[in-house]
Structures are given as structure tokens and as C-alpha cells.
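Structure record follows, encoded as C-alpha cells.
Order of the sequence lines fixes the chain letters, A, B, ..., with proteins taken first and strands second; residue numbering starts at 1 for each chain. Only a predicted model underlies this, so the values are computations on that prediction, with no experimental measurement involved. The basis for the numbers below is simple: all heavy atoms, side chains too, and nothing from hydrogens, waters or symmetry mates.
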Number of protein chains: 2
Amino acid sequence: MSANSRLTIAAHALAWISLYQRQGHEVATSEQIATSANTNPVVIRRLLGELRRAGLVESRRGMGAGWSLARELDSMTLLDVYEAVESGPLFAMHRATPDQGCVVGYGIQPAMQGIYEGIEETLRRELASVTMEDVLRDVLAAPR
Amino acid sequence: MSANSRLTIAAHALAWISLYQRQGHEVATSEQIATSANTNPVVIRRLLGELRRAGLVESRRGMGAGWSLARELDSMTLLDVYEAVESGPLFAMHRATPDQGCVVGYGIQPAMQGIYEGIEETLRRELASVTMEDVLRDVLAAPR
DNA sequence: CAAGTCGCAACAATTGCTGTTACGACTGTT
DNA sequence: AACAGTCGTAACAGCAATTGTTGCGACTTG
């Protein structure tokens, strides 16, 4: 499975913005977040753009521009973030339609579909049980 | 998330071999399975090779060669298949180490690591609760 | 009008999966 | 001993997704 870091980086950005705001600042720039996450500002802007579409953050343009939270972290779950930045199912079906004249080729897709849906539902429930506030607490709890 | 069909194809192959054996045949060829799955025999051989390494199937070479199950389907769970054909974690950390001088950059990896481990454990439990016998039953239950 | 930052398009690099060809290794049959 | 059928595996191309990068227009405050 080709793992990707989109959820990790998105959570990083949200935690960073929240902490920065708690220190009294109004907005955080993609440049600052990118420095903390050790990546490119455009990567951050792309991800935050998706979070904005999902209503998790807001952005201001012009002078003194930047990003701020649209909701409190405790009303924001990892599922919200996951759905904002991840697309498509965890497991895929055959790339080419299997032989419909074969019993297995005919029945395998509905069978796996049902199983995969159950698994994704469980994943969602798991993600929904963790708020971004929980994540930030864990972040701050890391031993020095 | 880049979904892949390795688990689906592996399950397809196992179900096909089992059904074929229940019809009285000793071994199935990668050619036959590939026809049912509408892919290339080498793709099937690659996947079945991984299942063989995991002790789920056996192969014979020479004349009358092919693949057979090494265990009954009801003693084989989707987790066994998943672990045989999938590698690496579902979610990845940052590709470049985040800024260790930043509180968030320092604490984010252990925080997310812990959360991801819990999620993967849940996924494993879910996959372990479905046997390949269940899958084959579902396959055969597809309405005509 | 100047400065700072977002918004977005475009492109390259990297990675993983899939499909394909090729060919040697192996073994039952003749 | 030769043949035929199939596995085992390497090599390579095609494709898609992610990531990183550059460039530049759009926007807003001072």
C-alpha cells in the first residue's frame, strides 16, 4: 500500500495554527507552517485549501494575510480532516472487469465491495473518535 | 490515497483455486486464474508467490504444474492475505523530518504514530474477522 | 502605489502498481 | 533423451498519485 502523508501534514498544520493563535496571533502563514513541517509553502497552501473547502480553516488575503481556524479543535475530528484531504477508497477493485462468465469473476466484486465498505465504516468510526484537540494534547505531551 | 487491488486479486485467486479444487481438479494454473481475473498470468504468479511465502498456497512445477491451497479456506483470514500482499503502514509520516526545534514539529510524529497504530490494530482485527470461506460464500451468493 | 501573501497553473521527480515480454528451471510423458 | 507445459524471475514500459518547485496574477492593508 502506497502510504501518503497528507493526513499527517494536515494535522500538523492545524495543530500549528491553533497553537500560534493561542499565543495571541491572528493568522499563520503557509511559510511558517511549511518551515515547521519541513516542506514547501505551496504544499501547505494546497492542503489548507482543501481544509478550507471543508470548512475547517479560513484564509485572508492581502497584507497581513494568512490562515486561521474556522472551528475549535475540539469540534474537529480526524475524520473531518481525513475526508477533506483523502480521496477514494482504501482498497480498489480489479482494474479491468473480471470474466463475468466465471462464477468467481461474477461474484467477487459485490462480495469484496461489501467487506470493504464494512472496513471503511470502522475506519471512519475510529477516526471520528479522535479530535484535533486530542492530537494537540498528545503533541504537547511528547517528552522533551 | 492511492488504492490498490492487490488484496482483491489475491482473494479472487484463492477463491478460484478453492472452487476449482472442489470441482475435483488438483491444481489451477496462473493462466486460468488470470483469465478469470482479466489480467496477466505473471501478475497472478507474483501475487501467489507472496501467498506461498506466507504458507497459504503451494505450487508444483514441471508437467501438470499449477497452484493448490496449503490450508482450508476457513482457516485463512483476510488478515493473512493482507499481510502477505500488502506492505507498509496505511498512513505515512512526514517525508522530511519536521523542525525539531518547534514544539509541534517535535511532538507531532509520536502523537500521530500512536494514533495510527491504534487504527491499524483495528483494521487488522476487522480483517481477521473475515475468513476466505466467508468470502467464497459471499461470492457464490451473488444474485444471477 | 508598495508590500506581503494567497490562489493556482504548470512541470519535474519520485514512487508504487500493473502489464508485458522473455527466458531459464523444473518435471511428467513419450 | 527429447518434448511440452508451467512456474520463477528479471527487465522494462505505462500509468497514476504524491510531492516539490517555480512563476505570476489577485487581493488587501498601509
- Counting only non-hydrogen atoms, which of residues 37-60 of chain B are less than 4.0 Å from DNA chain C? B:T39, B:N40, B:V42, B:V43, B:R45, B:R46

- Query: What nucleotide among C:dC26, C:dC6, C:dC17 has an atom nearest to a side-chain atom of B:R61?
  - Reply: C:dC26

- How would you label the contact of B:G64 with the nucleic acid (heavy atoms, under 4.0 Å): base, sugar-phosphate, or nothing? nothing

- Task: Give the rounded distance in Å between these two atoms: CG of B:N4 and C1' of C:dG19.
- Result: 15 Å

- Query: Can A:R125 and A:S129 be counted as having a side-chain donor-acceptor contact under 3.5 angstrom?
  - Reply: no

- Euclidean distance, atom NE2 of residue A:H94 to atom P of C:dG19 [Å, nearest integer]: 10 Å

- Query: Does some side-chain heavy atom of B:T131 sit less than 4.5 Å from a side-chain heavy atom of B:D134?
  - Reply: yes

- Task: Would you mind reading off the distance between B:R95 atom CZ and D:dA17 atom P, rounded to a whole angstrom?
- Result: 16 Å

- Item | Nucleic acid contacts of residues 14-27 of chain A, taken as heavy-atom distances under 4.0 Å to DNA chain C | none

- Round to a whole Å and report the spacing from CE of B:M63 to P of D:dC7. 12 Å

- Query: According to a strict under-4.0 Å criterion, is B:T29 in side-chain N/O contact with OP1 or OP2 of D:dG5?
  - Reply: no

- Message: How many whole angstroms separate atom CZ of A:R6 from atom P of D:dA17?
- Response: 11 Å

- Item | B:H94 and A:T39: side chain donor to acceptor below 3.5 Å | no

- Please answer: with hydrophobic residues joined when any side-chain heavy atoms are less than 4.5 Å apart, are A:V43 and A:V57 in the same cluster? no

- Shortest side-chain distance from A:S30, nucleotide among C:dC6, C:dC17, D:dT19: C:dC6

- Ion pair present between B:E126 and A:R124, side-chain N to carboxylate O less than 4.0 angstrom? no

- Message: So for atom CD, which belongs to A:E121, do other residues, nucleotides or ligands contribute more than 12 heavy atoms lying within a distance under 6.0 Å?
- Response: yes

- Message: Parallel, tilted or perpendicular, judged at 30° and 60°: which one describes the rings of A:F91 and B:Y82?
- Response: perpendicular

- Message: To the closest 0.5 Å, what do you measure between CG (A:D74) and CZ (A:R137)?
- Response: 9.5 Å

- Message: I'd like to check A:V139 versus B:M112 (side-chain heavy atoms, cut-off strictly below 4.5 Å). Are they in contact?
- Response: no

- Of the nucleotides D:dT6, D:dA4, D:dG8, which has the atom closest to the B:A65 side chain? D:dT6

